[in-house]
Amino acid sequence: MKKILLSPWTALITLAIVVAIKVSSPTFVDSVKLKYFDQLITNKAPTENPIYTVNIDEAALNKYGQWPFNRQIYADIINDIYARGASIVIWTVLMPEADRQGGDAALAETLKSHPVILSNIPSTVGKNTPRPNGAAIVNSNFIDKIYNYPGVIANIPDLENSAIGVGTTNVFPEIDGVNRRIPLLIGSGGKLYPTIGLEALRVLYNEKNMKVKLNELGIDKLGIGKNIFTTDSLGRVWIDLSQQHKQVSVTNMPEKFDGAIVIVGVSAAGIANPVPTAVGAVFPQDIQAKIIATLANKVNIERPSYAEGVELIALVIGGLLLLFLTRWVYVGIGSVVVLVGGSIAFSLYQFNHALQLWDATAPVAGIILVALHAYGVKFVSEFLQKQQIKKQFGTYLSPAMVEKLQKNPELLALGGDSRELSIMFTDVRGFTSISEHYGKDVQGLTKIMNRYMTAMTAKILENAGTLDKYIGDAQMAFWNAPLDDADHAKHAVATALQMLGSLDAFNKEISTEGVPPFGMGLGINTDTVVVGNMGSSQRFDYTCLGDGVNLASRLEGQSKPYHVAMVIGPKTNEYVKDDYFTLELDCIAVKGKKEGVNIFTVLEQRGDRIDYLAAKTNHKHMMDDYRAQRFTSAIEICKKLKGEFDGQMDGYYDMWIERCEEMAVNPPGANWDTVYRTNTK
């Protein structure tokens, strides 16, 4: 019985549970799958589109007065937009009642003069008569197979019939409340009504109607003219969130729209109702902009109908194969890496090359859980075996010595192992003023430095770091040795941020004593180095050596000229960028090196700082302009970025402006490799 319980094959139970969960698809499993799909879609390269959303915002309320406005104002806005060169206007403000201020006639005339698409809303009740849909339907008896509503809230007839087109605006959240897919058609009263995005394309393609073929499952085919749109049976399409458009206020529109599609909607607080998406809450007009761009660019993101079955089969086969291979430790571990990596790689490949959504979370989670079960059993089994060995040899050697020798028989040997570490160097900024404050009071200076080192070292030890040494007023520490730490880069960055927080508290404490504040620069680099006991046979220390260690030290030195508290290397950034908000600083060749290396800084834990994301995009544009030797453009972006990121990067942008001004005067030439070569350590 004991052997059965300690057999890795008991992991079949875990595999069976995982398969059962996959088949039943509970809410949390579907939520995880959808979140994974979000990552695939949102990481897609952005596409710029000639689409504007013009927002009726707080500034508009200040200008035009109480909401809703007189519809004469609506007419004036539409006329103004067309005067600026829009190709078509989409008006998402619903107007189901007559204007009590008498502006309907003026708006109706404007709608007759300019091509404007209005919006209506499917609802549990109907109001007014919706405009005829103009759809050529095959098998209309299957309309009830798609999304149907009891009624449609339409605009008043004079406006509804004066517009060039009318489409519905509606959202359909997934089980986690996030909007990812939108149906292009809805049914009501035996008729089909297009969503506003589909109606916009009908007008732009200059077609009188759309063509719909239904079957017993729902939508079979949907097209406008020669353009065919691929949907699921409910008529839904995935929204490509990488499609980009421009957002402006109705009070601050560009001089020229240059033939762009313009969508007018409300964004004023207390009036607008943002809806959740994978990139955060956005206004309905922004969703419509992305839908139009998705359809116009023929971006067909789809989840194959057979995907669930294939994923289930892959999970079962992968789990059984893994259980067979766990008898060989390293082969089993390697198979876990291959199976997990293969699942993710396949999913990424299918999306990047075919825009197909394949779920890697279920196979990955299943393989990992089965591996944990199997290797957990093996661990317990081997632990019990070691305990038996310890008991047998305990009569010959001291228990403590037996335990040490079991863990590491080479404990006292000189030498080291190659291992990936995250190495941190810190240094005090402003030490001169601190030293001058104490003057000849060497004991006072020593005490304050000891207090500083104690406060900073505490954070290293609390985060499982290894304090290598003190070098004057500097510290060196590393993670992932001697104990394994899979998240060593994240822990190193977390420690650095905590140290900066402790430094603020420390400075507040010593300010009451009249001591000048301490500053600190940090450098973190992740690389494979040699770590172990090094020295002589008389004395040795546990430390690390290698080029990656030297680079970590050099990165710390660059925190001062780049006016940031922390500088991290490229591999560290790769490991932590999903958990922390990082920015690329430059590509530099540190003193003594010819090859360039990309350096980054960390502002804070990522959280929900959506306000940082736009600034980060502008920061990237600035870097692109700099490397393309568009120094004047880079300077202008730097000036705009000052004050962003809560002002943390203002010193950096001042430095960058000064550098670009110099390079604008003395261009580096056509053979410039964009690497900035430093002359200081």
Side-chain angles (χ1 to χ4, degrees), residues 423-435 471-476 492-493 496-497 499-500 503 516-525 547-570 572-573 581-604 615-616 619-620 622-623 625-627 629 631 634-635 637-639 641-668 672-681:
I423 306 129
M424 172 196 289
F425 278 84
T426 76
D427 197 9
V428 172
R429 297 283 183 262
F431 182 79
T432 301
S433 60
I434 297 168
S435 179
I471 313 168
D473 58 357
Q475 294 168 294
M476 174 184 171
V493 170
L497 292 173
M499 290 170 75
L500 291 170
L503 183 64
F518 279 63
M520 182 167 62
L522 300 103
I524 301 174
N525 187 46
D547 193 58
V549 179
N550 296 332
L551 180 57
S553 175
R554 297 292 191 268
L555 294 183
E556 178 276 319
Q558 294 306 311
S559 63
K560 185 174 183 179
Y562 281 88
H563 300 277
V564 294
M566 186 192 325
V567 178
I568 64 174
T572 308
N573 176 71
F581 199 102
T582 65
L583 278 179
E584 183 181 3
L585 296 175
D586 204 352
C587 180
I588 68 171
V590 297
K591 188 173 182 180
K593 292 289 184 179
K594 295 182 179 180
E595 298 294 327
V597 60
N598 291 324
I599 61 173
F600 304 78
T601 190
V602 179
L603 296 186
E604 60 176 19
K616 186 171 184 177
H619 180 91
K620 182 180 183 301
M622 180 274 291
M623 297 294 294
D625 284 346
Y626 167 76
R627 287 166 178 162
Q629 299 192 40
F631 300 116
I635 290 170
I637 297 176
C638 283
K639 291 178 179 178
L641 283 169
K642 289 191 64 177
E644 298 290 351
F645 307 112
D646 298 328
Q648 299 176 71
M649 300 294 292
D650 285 2
Y652 166 81
Y653 289 123
D654 284 335
M655 176 277 295
W656 206 261
I657 290 171
E658 182 177 353
R659 183 196 293 182
C660 288
E661 287 174 345
E662 293 178 0
M663 298 186 79
V665 175
N666 299 298
W672 183 41
D673 60 2
T674 75
V675 177
Y676 185 79
R677 289 171 170 78
T678 66
N679 296 317
T680 61
K681 294 184 178 181

Work out which heavy atom in [X] is nearest to a heavy atom in [Y]; give both atom names and the distance.
X    : Y    : value
P668 : M663 : CG-CE, 3.9 Å
V549 : F425 : O-CE1, 3.5 Å
Q629 : P667 : OE1-CB, 4.3 Å
P570 : F600 : CA-CE1, 3.8 Å
I635 : C660 : CG1-CB, 3.4 Å
S433 : P516 : O-CG, 3.9 Å

State whether the side chain of [X] and the backbone N or O of [Y] hold a donor-acceptor pair below 3.5 Å, judged by distance alone.
X    : Y    : value
D673 : V675 : yes
T426 : L522 : no
D650 : G643 : yes
K639 : Y653 : no
H619 : E584 : yes
N525 : G548 : yes

Parallel, tilted or perpendicular, as decided by the 30° and 60° cut-offs, for the rings of F631 and W672: tilted
Residue pair [X] / [Y], side-chain heavy-atom distance below 4.5 Å:
X    : Y    : value
Y652 : T601 : no
E661 : I657 : yes
T678 : R554 : no
D473 : D427 : yes
F645 : L583 : yes
M566 : I524 : yes
M424 : M499 : yes

To the nearest 0.5 Å, what is the distance between CE (M520) and CG (L500)?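 Output value for this atom pair is 4.5 Å.
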For the CD atom of E595 and the SG atom of C587, what is their distance to the nearest 0.5 Å?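 It comes to 9.5 Å.
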Quiz item: Are a donor atom and an acceptor atom from the side chains of R429 and S559 found within less than 3.5 Å of each other?
Solution: yes
Do R659 and Y626 pair up side chain to side chain, a donor and an acceptor below 3.5 Å, judged on atom types alone?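 Yes, Y626 and R659 have a side-chain donor paired with an acceptor closer than 3.5 Å.
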